[in-house]
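Can you keep this structure in mind? I'll have questions shortly.
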Amino acid sequence: MRSGALLFPCLLLTLSAPPSAAQSVGTPVLTPIVTARYPHERTSFTQGLQYLGSGTLLESTGVVGQSGVRRVDLKTGKVLSKVATPIAGAFGEGVAALNGVAYHLTWEDGVAVTFDAATLKETGRYRYSGEGWGLTTDGKALIMSNGSPTLVWRDPKTFRVKRSVQVTDAGQPVKNLNELEYVQGSVYANVWLTDRVARIDPQTGKVTAWIDVSALTREVSAAAAKAGHTLTFDDVPNGIAFVPERGTLLLTGKRWPTLFEVKLPGVKPEEPTTTGRARTGR
């Protein structure tokens with residue numbers, strides 16, 4: 001269910017992976033170490049997140065009538081500029097910037113809208129089949145999810161499919177792949193309605209580790225409840241961005257009041273490129 005409707009409130013979200021995403025005994029489970037906390041707009045139904053460099057985030061939001069793309073100051077959470085998803089009735093989904101172009105998906109309209117990543121001025125549109133969920137880039141191609149166990153690599157100039165891979169853990173398909181981030185040869189994916197992020201080998205599709213973000217969910221749920229804004233069924237973890245100069249990840253969720261900066265084993269600092277995107281070795 002992706003409508004963003006308020007289904008039922010819960011004081012603490014204690015989500016767990018569905019049977020299709022069951023973790024095998026042999027798959028490592030990693031716990032992120034929080035290094036910083038930043039304010040995050042509480043009404044932001046986060047669908048996509050990317051660090052652009054110089055303390056600036058690119059974020060996309062969902063919900064019909066509230067969908068759009070924005071540039072956000074990391075430290076303050078202030079929205080620097082924003083644009084609405086320019087399709088009437090569209091539910092906005094993931095976003096990714098590559099070579100100065102921001103690509104923004106829609107859930108059921110089958111349209112990807114492109115913007116100038118600096119000005120957020122619309123520059124074009126592409127059609128695709130099926131649903132759009134998460135989007136990231138390995139520096140050459142766009143990588144897209146659609147809620148199934150399939151990740152698709154697309155040509156950024158044509159949006160045509162170049163290849164695809166089925167994501168599995170212990171031989172079982174992992175569905176509900178949502179927001180994505182490519183980090184140092186791996187694809188990280190929020191699994192919708194769970195408290196876990198899958199680290200995926202992009203060549204084989206195998207889950208190489210699970211990141212347990214349940215402690216972050218509990219923290220924001222408690223804070224939201226204390227402030228009188230109890231999180232709901234829809235307000236799940238979603239949003240992953242890589243900060244290359246510090247070798248950290250930024251993690252948040254839909255309507256979360258906090259964005260966390262975390263360290264994970266195996267993720268190392270990198271020198272940023274002149275475009276603000278880290279070098280991405282396979």
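Note that the structure is a prediction, hence the values are computed from the model and not measured.
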Is the closest side-chain donor-acceptor distance between Glu59 and Gln47 under 3.5 Å?
no

Side chain proximity check, Leu30 to Asp212, heavy atoms < 4.5 angstrom:
no

Just by modelled atom types, is the Ala97 backbone N or O under 3.5 Å from a matching donor or acceptor in the Gln50 side chain?
yes

Any side-chain heavy-atom pair of Ile240 and Leu251 under 4.5 Å
yes

Minimum-distance pair of heavy atoms, taken over all atoms of Gly239 and Asn190:
N-OD1, 3.0 Å

More than 12 heavy atoms of other residues, nucleotides or ligands under 6.0 Å from NZ of Lys82: is that the case?
no

Working to the nearest 0.5 Å, report the span between CD1 of Ile143 and OG of Ser164.
12.5 Å

Looking only at side chains, do Glu245 and Tyr51 share a donor and an acceptor under 3.5 Å apart?
yes

Donor-acceptor pair, Thr194 side chain versus Arg196 backbone, under 3.5 Å?
yes

Do Ile211 and Tyr188 make a side-chain contact, defined as non-hydrogen atoms from C-beta onward lying under 4.5 Å apart?
yes

Does the side chain of Thr208 reach to within under 4.5 Å of the side chain of Ile200, using non-hydrogen atoms?
no

Can you name the nearest heavy-atom pair linking Pro237 to Asp195, along with the distance?
CG-OD1, 3.4 Å

Run the side-chain contact (heavy atoms from CB on, under 4.5 Å) check on Val167 and Thr150 step by step: do they pass?
CA-CA 6 Å; Val167 177; Thr150 303; over 6 Å; no

Can you confirm whether Leu259 sits close enough to Leu57 that some side-chain heavy atom of one is under 4.5 Å from a side-chain heavy atom of the other?
yes

What heavy-atom pair brings Val64 and Gly89 nearest, and what distance separates the two atoms?
CG2-O, 3.6 Å

Verify, without hydrogens or angle tests, whether Thr137 (side chain) and Ala141 (backbone) share a donor-acceptor contact under 3.5 angstrom.
yes

Check the pair Arg246, Glu261 against salt bridge (charged side-chain N to carboxylate O under 4.0 Å, His left out), reporting the backbone distance first and the verdict last.
CA-CA 10 Å; Arg246 295 195 288 273; Glu261 186 165 1; 2.6 Å; yes

Tell me, yes or no, whether the heavy-atom count around Leu80 atom CG, taken from other residues, nucleotides or ligands under 6.0 Å, exceeds 12.
yes

Donor-acceptor pair between Thr232 and Asp234 side chains, under 3.5 angstrom:
no

When you measure from the side chain of Thr46 to the backbone of Lys254, do you find a donor-acceptor pair of N or O atoms at a distance under 3.5 Å?
no

Checking side-chain contact (heavy atoms from CB on, under 4.5 Å) for the pair Val161/Met144: CA distance, chi angles, key distance, verdict?
CA-CA 10 Å; Val161 175; Met144 178 177 165; over 6 Å; no

Do the side chains of Val113 and Leu58 join up, straight or via other hydrophobic residues, at under 4.5 Å, putting them in one cluster?
yes

Could you check whether any side-chain N or O of Thr114 sits under 3.5 Å from a backbone N or O of Ala102, counting only pairs where one atom can act as donor and the other as acceptor?
no

For the residue pair Tyr103 and Tyr126, does the interplanar ring angle fall in the parallel (under 30°), tilted (30 to 60°) or perpendicular (over 60°) class?
parallel

Check whether Ser145 reaches the backbone of Asn178 with its side chain - one donor and one acceptor, N or O, closer than 3.5 Å.
yes

Going through the distances and angles, do Leu142 and Phe159 end up as a side-chain contact (heavy atoms from CB on, under 4.5 Å)?
CA-CA 8 Å; Leu142 297 167; Phe159 224 69; 3.6 Å; yes

Distance-only side-chain donor-acceptor flag, His104 / Ser67, under 3.5 Å:
no

Gap separating the OG1 atom of Thr248 from the NZ atom of Lys268, nearest 0.5 angstrom
15.5 Å

Taking all non-hydrogen atoms of both residues into account, name the closest pair between Val174 and Leu177 and its distance.
O-CG, 3.6 Å

Any chain of hydrophobic side-chain contacts (each under 4.5 Å) joining Val165 to Tyr128?
no

Interatomic spacing from OH in Tyr182 to CG in Asp138 - rounded to 0.5 Å:
5.5 Å

Under a single-linkage definition using a 4.5 Å side-chain heavy-atom cutoff for Ile, Leu, Val, Met, Phe, Trp and Tyr, are Val34 and Val213 assigned to the same hydrophobic cluster?
yes

Decide, yes or no, whether a salt bridge links Lys78 with Glu41 under the criterion of side-chain N to carboxylate O below 4.0 Å.
no

Write down the atom of Gly247, the atom of Lys263, and the distance for their closest heavy-atom approach.
O-NZ, 3.4 Å

Can you name the closest pair of heavy atoms from Phe115 and Pro86 and give their distance?
CZ-CD, 3.9 Å

Indicate whether the side chain of Glu93 and that of Trp107 have a donor and an acceptor atom separated by less than 3.5 Å.
no

Run Thr56 and Arg71 through side chain to side chain donor-acceptor pair (under 3.5 Å) and show every step you take.
CA-CA 7 Å; Thr56 303; Arg71 290 170 61 92; 4.5 Å; no

Polar side-chain atom of Asp109 near backbone of Val111 as donor-acceptor pair, under 3.5 Å:
no

Under a 4.5 Å cut-off applied to non-hydrogen side-chain atoms, are Thr258 and Thr252 in contact?
no

In this structure, OG of Ser148 is separated from NZ of Lys175 (nearest 0.5 Å) by 10.5 Å

Step by step, work out the side-chain contact (heavy atoms from CB on, under 4.5 Å) result for Trp256 and Asn238.
CA-CA 9 Å; Trp256 280 22; Asn238 206 49; over 6 Å; no

Checking side chain to side chain contact (heavy atoms under 4.5 Å, CB included) against Phe242, which of Leu49, Leu249, Leu250 comes through?
Leu249

Could you measure the distance from the NE2 atom of His40 to the CZ atom of Phe260? Nearest 0.5 Å is fine.
11.0 Å

Check this for me: does any side-chain nitrogen of one of Arg37 and Glu219 sit under 4.0 Å from a carboxylate oxygen of the other?
yes

If we ignore hydrogens and angles and just use 3.5 Å, is the side chain of Glu181 paired with the main-chain N or O of Ala189 as donor and acceptor?
no

Residues Asp169 and Trp210: side-chain donor-acceptor under 3.5 angstrom
yes

Heavy-atom check, side chain of Leu180 versus side chain of Trp133, under 4.5 Å:
no

Ile87 reachable from Val95 in the ILVMFWY side-chain graph, under 4.5 Å edges
yes

Counting N and O atoms only, with roles assigned by atom type, does the side chain of Thr158 sit under 3.5 Å from a partner on the main chain of Arg160, one being a donor and the other an acceptor?
yes

Between Asp235 and Arg255, is the closest basic N to carboxylate O distance under 4.0 Å?
yes

Trp192 side chain reached by Glu179 side chain, heavy atoms, under 4.5 Å
no

Quick check on the hydrophobic clustering: are Val152 and Leu135 connected, directly or via other members, by side-chain heavy-atom contacts under 4.5 Å?
no

